[in-house]
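See below for the structure under consideration.
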Amino acid sequence: MKKFAILITGFIILFLLTGCTTTKRFKSATYKAQDNSLVDMELFDYSLTAAGSETPGKNLWDLSAGAQTQLIQILNTRYPDNEQFTGALNHEYMVDGAIPAFDYTNMDLGMVFTISKLRDYSVLNDGSGRFTPADRIEYLKFSLEIPGHYNLYFTKWNRYVTEYGEIEIADVSFTRSLELDAEGPVKEKTDITGKGTISRDEKQEIRSRYLKLNGSISDTRIEIEEEGTREIDLSGNVIADVSMEFAGFPERLTIPLFSGDDQEGLNGPTITALKHMDVLVPRMEDAPDTIKAVLELDYVYRHVQSGWKTYQEWDDQVEYYTGTVKKEIPLFTKKDYLPSFYCIGTEHTQKRAMKIRTGAGKEYPLRFKDYSDASRFFEWLIGLPDQGVDPGSDNPIKVGNDTLLFLGKPLTLDQVANEVDLKVMPVY
């Protein structure tokens, strides 16, 4: 019986040796409940820029080497002053032919999302507490949705390919041995003695692939999914770069063509012609000061109830919690997505801006693509009475076939001389 008992003991020890391994995910795991207070998410930062359409003008640096040399020689003759010469080098010059349409409705939006988990060290030794240093966010899926009444749509982004990560679970070689020494009677007048050694070699080479980042996009919604694994917590920042398109509304901009002598004359710039450029801008009816979106986060929280004092996870008793966070967040403001157009007019009692009537009889608001064009045009306009023309003249001011309008009537030199509130103003 003694020999039988020794053999049974040996088998038990051998079972324990072969059954214990460090590659387990956890000691035990249970799902506890839903708790929406364990994880939070915010839009930390954003940047909204135009999608990069080409401007209709070109400067010195767009020309060939030979053309640059010729232009520099011309500018050196025309602007002997160093400051004027340097400024002229960066001027934009109109290209021959039709001016291409410019689209302000396409935007590139870069967003930085911050995911954080609750760290309440006051409940560290509380058996019912839901925080230990070994806790981590094991899985999350979040979405950003734009309400349909904004007429704003996602068009593309940088998450078309699923990104996977790989970790090495174990790469360990070790030997466990057990020496057995048995001595005792089995039958009468028979003595049994024995000695043996039981050993086990183990080599672990285990890798695991996990979902590092995945996502999908539709017209009004983007969705991003992440999966954590051992020692990888999903707290941190996630960057998403998307392209967006506003519902468009056509506008016409005026491009003044200035002569090259505007720096020499005493009367300011001289305009030789006006060209027009058709553009698309975001639809302005009821444009809100702030565009808002709905941010929603679903997560799985891995709480280590016991075993968190060791770094390895195979001895952890794990409790899983799920949660949802849903909130309305500001995405960007009106000044971020409206183009910086300028006009000329007054704001004395209400905003009133000039218009232009073409030779074909069509009327458009007089709007400029930037402050530089608007201010130089305004300088030319207020300098007209000093060019030897009778200030009281009722003749309308024209540039080529285009007539300037103000308050519903053709603008005259008398109005320019007496309207003290005229100034350059932003359109939006």
Side-chain angles (χ1 to χ4, degrees), residues 34 36 39-53 101-116 137 139-164 211-227 234-251 278-300 322-341 427-428:
Q34 180 169 343
N36 300 330
V39 179
D40 196 14
M41 185 174 187
E42 298 288 346
L43 177 61
F44 170 69
D45 194 16
Y46 73 92
S47 63
L48 187 68
T49 56
S53 302
F102 196 91
D103 191 350
Y104 289 90
T105 62
N106 291 304
M107 301 282 180
D108 291 332
L109 177 63
M111 296 174 289
V112 181
F113 296 98
T114 297
I115 299 106
S116 57
I137 305 171
Y139 173 83
L140 61 83
K141 178 188 289 186
F142 67 90
S143 64
L144 184 76
E145 187 169 4
I146 301 176
H149 64 268
Y150 286 135
N151 294 317
L152 174 62
Y153 308 99
F154 295 114
T155 56
K156 59 182 179 180
W157 71 337
N158 63 337
R159 295 296 177 197
Y160 288 112
V161 178
T162 301
E163 185 177 354
Y164 292 97
L211 182 65
K212 195 172 183 180
L213 207 60
N214 188 33
S216 61
I217 185 172
S218 63
D219 286 346
T220 59
R221 179 185 175 94
I222 62 171
E223 189 173 89
I224 294 178
E225 182 182 18
E226 288 187 282
E227 182 183 27
L234 298 183
S235 298
N237 291 341
V238 176
I239 298 176
D241 296 322
V242 299
S243 296
M244 313 180 76
E245 183 178 12
F246 290 86
F249 182 80
E251 290 272 21
D278 292 321
V279 299
L280 282 177
V281 298
R283 191 176 295 276
M284 300 302 158
E285 302 92 78
D286 302 323
D289 290 332
T290 302
I291 297 289
K292 297 182 179 180
V294 178
L295 179 65
E296 185 172 1
L297 169 69
D298 294 316
Y299 62 85
V300 176
T322 58
T324 300
V325 177
K326 187 174 183 179
K327 62 179 73 175
E328 186 179 60
I329 61 169
L331 198 55
F332 47 80
T333 63
K334 190 174 184 177
K335 66 179 183 180
D336 293 322
Y337 67 87
L338 294 184
S340 299
F341 296 157
V427 172
Y428 308 116

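Side-chain N/O atoms of Asp298 and Thr324 include a donor and acceptor closer than 3.5 Å.
Side-chain contact between Lys156 and Ile217 is absent, with no heavy atoms from C-beta onward closer than 4.5 Å. Under the 4.5 Å side-chain criterion, counting only non-hydrogen atoms from C-beta, Tyr299 is in contact with Val325. The shortest side-chain heavy-atom distance between Asn214 and Glu227 does not fall under the 4.5 Å cut-off. Using a 4.5 Å cut-off on side-chain heavy atoms (C-beta onward), Leu234 and Ile115 make no contact. Using a 4.5 Å cut-off on side-chain heavy atoms (C-beta onward), Leu140 and Met41 make no contact. With contacts defined as side-chain heavy-atom distances shorter than 4.5 Å, the pair Phe113/Leu295 qualifies. Leu43 has its side chain within reach of Leu331: a pair of non-hydrogen atoms, C-beta onward, lies under 4.5 Å apart.
Without hydrogens or angle criteria, Thr155 side chain to Ser243 main chain gives a donor-acceptor distance under 3.5 Å. Remark: the backbone N or O of Lys292 is paired with a side-chain donor or acceptor of Tyr150 at under 3.5 angstrom.
Taking OG1 of Thr105 as the start and CD of Glu245 as the end, the distance is 5.0 Å to the nearest 0.5 Å. Rounding to the nearest 0.5 angstrom, the gap separating the CG atom in Leu109 from the CD1 atom in Ile222 is 8.0 Å. Put simply, OH on Tyr153 and OG on Ser218 are 12.0 Å apart, with the number rounded to the nearest 0.5 Å. Here the straight-line distance linking atom OG1 of Thr49 with atom CG of Asn106 works out to 11.0 Å at 0.5 Å rounding.
For the pairing with Lys327, the salt bridge (charged side-chain N to carboxylate O under 4.0 Å, His left out) check across Glu296, Glu145, Glu42 returns one residue only, Glu42. For the ring pair (Phe, Tyr, Trp, His ring centres under 6.0 Å) criterion with Tyr104, the lone passing option out of Phe341, Phe249, Tyr428 is Phe341.
Of all the heavy atoms in Val281 and Pro339, the pair that sits closest is CG1-CG, 3.9 Å. Closest of all the heavy-atom pairs between Pro147 and Ala293 is CD-CA, 4.2 Å. The two residues Val39 and Leu297 come nearest to each other via the heavy atoms CG1-CD2, 3.9 Å. For the pair Ser235 and Ile137, the tightest heavy-atom approach, listed with the atom from each and the gap, is OG-CD1, 3.6 Å. Counting all heavy atoms, side chain and backbone alike, Phe154 lies closest to Arg221 at CD1-N, 3.5 Å. Between Ile224 and Ala240 the shortest heavy-atom distance is CD1-CB, 4.1 Å.
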Requested in this report: Would you sort out whether Val242 and Leu144 count as a side-chain contact (heavy atoms from CB on, under 4.5 Å), showing the intermediate values?
Outcome: CA-CA 11 Å; Val242 299; Leu144 184 76; over 6 Å; no

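For Met107, the side chain to side chain contact (heavy atoms under 4.5 Å, CB included) partners at least two apart in sequence or on another chain are Leu48, Phe246, Tyr337.
For Ile329, the CD1 atom sits in a packed shell: over 12 heavy atoms of surrounding residues, nucleotides or ligands are nearer than 6.0 Å.
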